[in-house]
Protein chains: 2
Amino acid sequence: MHQNGVECCESVCVHEELLQKVTAQMPKEEALYDLAELFKVFGDSTRIRILFVLFEAEVCVCDLAEALQMTQSAVSHQLKILKQAKLVKNRRAGKSIFYSLADDHVRAIIGQGLEHIEE
Amino acid sequence: MHQNGVECCESVCVHEELLQKVTAQMPKEEALYDLAELFKVFGDSTRIRILFVLFEAEVCVCDLAEALQMTQSAVSHQLKILKQAKLVKNRRAGKSIFYSLADDHVRAIIGQGLEHIEE
DNA sequence: TTATCATATGAACAGTCATTCATATGTTCA
DNA sequence: TGAACATATGAATGACTGTTCATATGATAA
């Protein structure tokens, strides 16, 4: 039974030494989970669009909503997710709250993604 | 009403010129969608783990299942998604099918992600 | 303080998705 | 050909997620 991990296509595959190598190099469960969570944040076109707007300037929630033709509530919910992932930061200015990119990793990651889909 | 896009926090925000700048730089709808779809593929810890295994070697489905302690079916379903996104490729060798990374974008994207979560 | 503006948030609903189970496809060997 | 192995796949299910709606919080100005 392969599912039980006892043995598997023994004549062809590397198996033993491969398993050792793989488990040695594999990051910890928590890191893998955090990594997936991070990319999950990029995996929504609304959030991608928000990030592209923030590439251009620091923008308040209200203008973001207008730029993307979405409700203020929907934008605000997504901004919360982006902020939890530390992809954006914000500052208050009177009644408005301005959002901007947290660091350059955002540009780098999206840049790599663009390269891949433009092949 | 802000939701209707007529006017918005006029005294504070850049508004008009910002909107022009943003819409000029914003990629097309299709590109934004493709980009989100790509990151969605990275946004699952099972697929991340598969990719990490493939960082080390070309591996058959059966060994992947054992390395990750998952059923062959679950791994196969995820491999299909990875292949559709052109992140992995495969070749047949007898009864087995070996999977490997499609190109170096995968390493680059995951590398950027790792940098971000290791802050 | 009160009214208004800008933003945040909780609940609910609809759509999406990863896994499981059963089964199909395709290869090798006897 | 038939049996065993390796992989793929369709349907079903439970869990997750983005948007909407209603409302709450927080700030400004009169």
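Side chains included, hydrogens not; waters and symmetry mates left out as well; all remaining heavy atoms used. The structure displayed is predicted, hence computed values, not measured ones. All chains are named by letter (A, B, ...) in the order of the sequence lines, taking the proteins before the strands, and each is independently numbered beginning at 1.
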Can you check whether Asp103(B)'s main-chain N or O pairs, donor with acceptor, with His116(A)'s side chain at less than 3.5 Å?
-> no
Atom CZ of Arg49(A) to atom P of dG18(D): distance rounded to whole Å?
-> 14 Å
Polar side-chain atom of Arg47(A) near backbone of Lys40(A) as donor-acceptor pair, under 3.5 Å = yes
Can you find a heavy atom in the side chain of Tyr33(A) that is under 4.5 Å from one in the side chain of Ile48(B)?
-> no
Can a donor-acceptor pair under 3.5 Å be found between the side-chain atoms of His77(A) and the base atoms of dT20(D)?
-> yes
Nucleotide nearest Lys95(B) when distance is taken to its side chain, options dT28(C), dT7(D), dT19(D) = dT28(C)
Close side-chain approach of Lys89(B) and Ser100(B), heavy atoms under 4.5 Å = yes
Among dG10(C), dA8(C), dT7(D), the one nearest Ile97(A) by side-chain distance | dA8(C)
Length of the line joining Lys80(A):NZ and dG10(C):C1', which is rounded to integer Å | 9 Å
Nearest to the side chain of Cys62(B) - dA8(C), dT19(C), dT7(D)?
-> dT7(D)
Toward the 5' end of DNA chain C, which comes first, Asp44(B) or Gly94(B), by nearest nucleotide?
-> Asp44(B)
Whole angstrom is fine here: how far is it from CD in Gln78(B) over to P in dC17(C)?
-> 11 Å
Using a heavy-atom cut-off of under 4.0 Å over every strand shown, decide if Ile81(B) touches base, sugar-phosphate, or nothing.
-> sugar-phosphate
How many Å lie between CD on Gln72(B) and P on dA24(C), as a whole number?
-> 15 Å
Per nearest nucleotide of DNA chain C, the residue lying toward the 5' end, Gly43(B) or Ser76(A), is Ser76(A)
Between dA8(C), dT19(D), dC17(C), which nucleotide gets closest to the side-chain atoms of Val61(A)?
-> dA8(C)
In whole angstrom, give the distance that lies between atom CD of Gln84(B) and atom P of dC17(C).
-> 11 Å
On a plain distance test, is the side chain of Ser73(A) in donor-acceptor contact with the base of dT9(C) below 3.5 Å?
-> yes
Are any side-chain N or O atoms of Ser76(B) and backbone N or O atoms of Gln72(B), one a donor and one an acceptor, separated by less than 3.5 Å?
-> no
At what angle, to 10 degrees, do the two end axes of the helix from dT1(C)-dA30(D) to dA30(C)-dT1(D) meet, given five pairs define each axis?
-> 20°
Between P of dT7(C) and CZ of Arg91(A), the distance in whole Å | 12 Å
Got a sec, which residues hit side-chain hydrogen bond (donor to acceptor under 3.5 Å, both in side chains) with Glu115(B), two or more places apart in sequence or on another chain?
-> His105(A)
From the candidates dT20(D), dT27(C), dG26(D), the one with an atom nearest any side-chain atom of Arg92(A) is dG26(D)
Of all the choices, dA8(D), dT20(C), dA8(C), which nucleotide is nearest to the side chain of Asn90(B) once you look at every atom?
-> dA8(D)
Any Val106(A) side-chain heavy atom under 4.5 Å of Phe42(A) side chain | yes
Would you kindly compare Tyr99(B) and Thr46(A) by the position of their nearest DNA chain D nucleotide and give the one closer to the 5′ end?
-> Tyr99(B)
What's the spacing between Leu32(A) CG and Glu30(A) CD if we round to 0.5 Å?
-> 10.0 Å
Leu68(A) has an atom CG; how far is it from atom C1' of dT7(C), in whole Å?
-> 16 Å
Starting from C1' on dG18(D), measure out to CZ on Phe39(B) and report it in whole angstrom.
-> 19 Å
